[in-house]
> 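Got a structure for you, questions after.
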Number of protein chains: 2
Amino acid sequence: MVAYVYIFLLYSGMNKQLIKGSLSTIVLKLVGREGRMYGYEITQRVRQLTDGQIRLTEGALYPTLHKLEAEGYLNTKTEIVEGRARKYYYLTEEGEAITAQKVSETAAFIQHLQKLLNLNTL
Amino acid sequence: MVAYVYIFLLYSGMNKQLIKGSLSTIVLKLVGREGRMYGYEITQRVRQLTDGQIRLTEGALYPTLHKLEAEGYLNTKTEIVEGRARKYYYLTEEGEAITAQKVSETAAFIQHLQKLLNLNTL
DNA sequence: AATATATACATAAGCAACCAATATATAAAT
DNA sequence: ATTTATATATTGGTTGCTTATGTATATATT
């Protein structure tokens, strides 16, 4: 007799739409605190720091990185590592300033959200 | 002689993009805890609870209310109060369930965001 | 040798959510 | 008479994200 075990993987779908405007802030902050990061590394770091619950897709990340670079908040340096190109991103001075500003705005917004949703009392 | 006082109102513009997909959650939660609310009242409550820092515009609110009603999460009852029509919104049973779910998802997201932005240590 | 997985960057199409502006209308205040 | 506050609603536009696709190399598996 053979026992068949059916494993149902229920992908929650709850992963969706949870970034919403805070993506550039997250990217800037991560790059700032690690000194330099490349795109793929950022996706993995976000996944790791959120226990796999937030998955940063490339379609969202790369346009955001390019935009932040165009705005003068990030600089790049491409290196070849193990046969593959890696594009490292660094904060510019302006990038450091805007990061601090964006992080504090997000912190304020979180406070408001907690008040509106009665999360303070939890 | 007449002294003209020019008052320059500098609208910060920082009000922008601060709702971030949490609008329907906020609306549902507020209506749920007050029992019933009408649109204008919601805009004023959000403004009051956030010390004027989050301004919920009508162009965002009314489509959201209509959508939540169409989805079966809100019911309405129109009353005439002091000559003006007021459209009160109530949570349906489904609305109560989805509110609890959305609030806990938002709470989880806030936790992730705080970790990514190093806000825990503040 | 062939295939799959992980690494690494990137773009295109499309949709949902939000903002700014506008519209209508009544009541109260100046 | 005009402005402000109350009250609901729509339209047009933009941004930000998702899904899907594309390219390419290195490593692991079969």
Side-chain angles (χ1 to χ4, degrees), chain A residues 11-28 36-48 52 54-71 74 76-89 102 106 109 113, chain B residues 7 9 11-28 36-48 52 54-71 74 76-89 102 106 109 113:
Chain A
Y11 291 104
S12 65
M14 290 307 149
N15 188 37
K16 295 172 184 174
Q17 292 154 308
L18 283 179
I19 298 285
K20 286 162 199 152
S22 48
L23 178 53
S24 61
T25 310
I26 292 170
V27 166
L28 288 167
R36 67 172 195 175
M37 291 187 89
Y38 54 98
Y40 184 76
E41 189 183 18
I42 295 172
T43 66
Q44 299 308 301
R45 184 75 76 254
V46 168
R47 184 191 279 237
Q48 168 213 334
I54 294 185
R55 277 180 213 184
L56 181 44
T57 61
E58 300 96 323
L61 177 63
Y62 289 111
T64 297
L65 285 171
H66 300 160
K67 194 186 172 206
L68 290 171
E69 188 183 6
E71 290 169 334
L74 291 175
T76 62
K77 193 187 168 202
T78 300
E79 293 180 19
I80 305 296
V81 180
E82 291 169 15
R84 282 187 293 265
R86 269 188 199 168
K87 200 162 165 185
Y88 281 101
Y89 289 85
K102 275 170 165 280
T106 303
F109 175 65
L113 203 49
Chain B
I7 301 174
L9 285 177
Y11 292 104
S12 67
M14 288 308 150
N15 191 36
K16 293 173 185 174
Q17 292 154 312
L18 283 179
I19 297 287
K20 289 167 190 151
S22 46
L23 179 53
S24 61
T25 310
I26 292 170
V27 167
L28 288 167
R36 65 172 196 175
M37 292 187 88
Y38 54 97
Y40 184 76
E41 189 184 18
I42 295 173
T43 67
Q44 298 309 302
R45 184 75 76 257
V46 168
R47 185 191 277 236
Q48 167 215 333
I54 295 185
R55 279 182 215 181
L56 183 43
T57 60
E58 300 95 325
L61 177 62
Y62 289 109
T64 297
L65 285 171
H66 300 160
K67 194 188 172 205
L68 290 171
E69 189 184 5
E71 289 169 333
L74 292 175
T76 62
K77 193 187 168 201
T78 301
E79 293 180 20
I80 306 295
V81 180
E82 291 169 17
R84 281 188 294 266
R86 268 187 199 171
K87 201 163 164 184
Y88 282 101
Y89 289 85
K102 276 170 164 281
T106 303
F109 177 65
L113 202 49

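From a predicted model like this one, the values you see are computed outputs, not experimental measurements. Protein chains get the first letters and strands the later ones, always in sequence-line order, with residue 1 at the start of each.
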> Pairs counted as Watson-Crick or G-U wobble with both distances under 3.5 Å: what dot-bracket string results for DNA chain D, using | for bases tied to another strand?
||||||||||||||||||||||||||||||
> Counting the atoms with a prime plus P, OP1 and OP2 as sugar-phosphate, which does A:A85 contact under 4.0 Å by heavy atoms, base, sugar-phosphate, or nothing?
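Since only primed, P, OP1 and OP2 atoms lie under 4.0 Å of A:A85, the category is sugar-phosphate.
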> I need the A:T106 OG1 to A:L113 CG distance, nearest 0.5 Å.
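Answer rounded to 0.5 Å: 11.5 Å.
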> What's the CD-P distance between B:E58 and D:dT6, to the nearest Å?
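Those two atoms, CD and P, are 12 Å apart.
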> Whole-Å distance between C:dT11 C1' and A:L65 CG?
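It is 14 Å, rounded to the nearest whole Å.
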> Check this one for me: any side-chain N or O of A:K67 less than 4.0 Å away from OP1 or OP2 of D:dT15?
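Looking at the OP1 and OP2 atoms of D:dT15, neither is under 4.0 Å from any side-chain N or O of A:K67.
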> Taking C-beta and beyond as the side chain, do B:I54 and A:F109 meet within less than 4.5 Å on heavy atoms?
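Counting from C-beta outward, B:I54 and A:F109 do come under 4.5 Å.
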> Which whole-number value in Å describes the distance from B:I42 CD1 to D:dA7 P?
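Value for this atom pair: 12 Å.
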> Indicate whether OP1 or OP2 belonging to C:dA20 is found under 4.0 Å from a side-chain N or O atom of B:T57.
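It does not, given that no N or O in the side chain of B:T57 lies less than 4.0 Å from OP1 or OP2 of C:dA20.
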> State which of C:dC18, C:dA10, D:dC17 makes the closest approach to the side chain of A:L23.
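Nearest nucleotide to the side chain: D:dC17.
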> Could you state the CD1-C1' distance from A:I26 to D:dC17, rounded to the nearest angstrom?
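A:I26 atom CD1 is separated from D:dC17 atom C1' by 13 Å.
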> Rounded to the nearest 0.5 Å, how far apart are CD1 of A:I80 and CD of A:E82?
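Nearest 0.5 Å value for the CD1-CD distance: 12.0 Å.
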> Ignoring backbone atoms, establish whether B:H66 has a side-chain N or O less than 4.0 Å from OP1 or OP2 of D:dT10.
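The answer is yes; a side-chain N or O of B:H66 sits under 4.0 Å from OP1 or OP2.
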> Measure from CG on B:L61 to P on D:dA9 and round the result to the nearest Å.
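Going from CG in B:L61 over to P in D:dA9 covers 10 Å.
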> Roughly how many Å is it from CZ in A:R45 to C1' in C:dA8, rounded to a whole number?
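Rounding to the nearest Å, CZ of A:R45 and C1' of C:dA8 are 16 Å apart.
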> Would you indicate which nucleotide in C:dC19, D:dT18, D:dA7 comes nearest to any side-chain atom of B:Y40?
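Shortest atom-to-atom distance from the side chain points to D:dA7.
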> OH/A:Y88 to OG1/A:T78 distance, rounded to the nearest 0.5 angstrom?
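So the gap between those two atoms works out to 10.5 Å.
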> Counting just side-chain N and O atoms, does A:Y38 come under 4.0 Å of either OP1 or OP2 of C:dC9?
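No, outside the criterion.
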> Quick check: do A:V27 and A:V46 have side-chain heavy atoms less than 4.5 Å from each other?
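They are not in side-chain contact.
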> State which of C:dC9, D:dA9, C:dC19 makes the closest approach to the side chain of A:R86.
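It is C:dC9.
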> Less than 4.0 angstrom between a side-chain N/O of B:R84 and OP1 or OP2 of C:dA27, yes or no?
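Negative; the distance criterion is not met.
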> Taking atom P of C:dT7 as reference, at what distance in whole Å does atom CD of A:Q48 sit?
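Those two atoms, CD and P, are 13 Å apart.
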> Between A:K102 and A:S24, does any side-chain donor sit less than 3.5 Å from a side-chain acceptor?
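Yes - a donor-acceptor pair under 3.5 Å links their side chains.
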> Nearest 0.5 Å, please: how far is CG in B:L74 from NE2 in B:H66?
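With rounding to 0.5 Å, NE2 (B:H66) is 10.5 Å from CG (B:L74).
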> Return whichever of A:G59 or A:E82 has its heavy-atom-nearest nucleotide of DNA chain D closer to the 5' end.
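Of the two residues, A:G59 wins.
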> I want to verify a distance call: between D:dC17, C:dT7, D:dA7, whose nearest atom is closest to the B:Y62 side chain?
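Closest of the options to the side chain of B:Y62: D:dA7.
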> Find the distance B:R55:CZ to D:dA5:P and express it as a whole number of Å.
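B:R55 atom CZ is separated from D:dA5 atom P by 12 Å.
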> Would you say A:I42 and A:L65 make side-chain contact, with heavy atoms under 4.5 Å?
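Yes, close enough: below the 4.5 Å cut-off.
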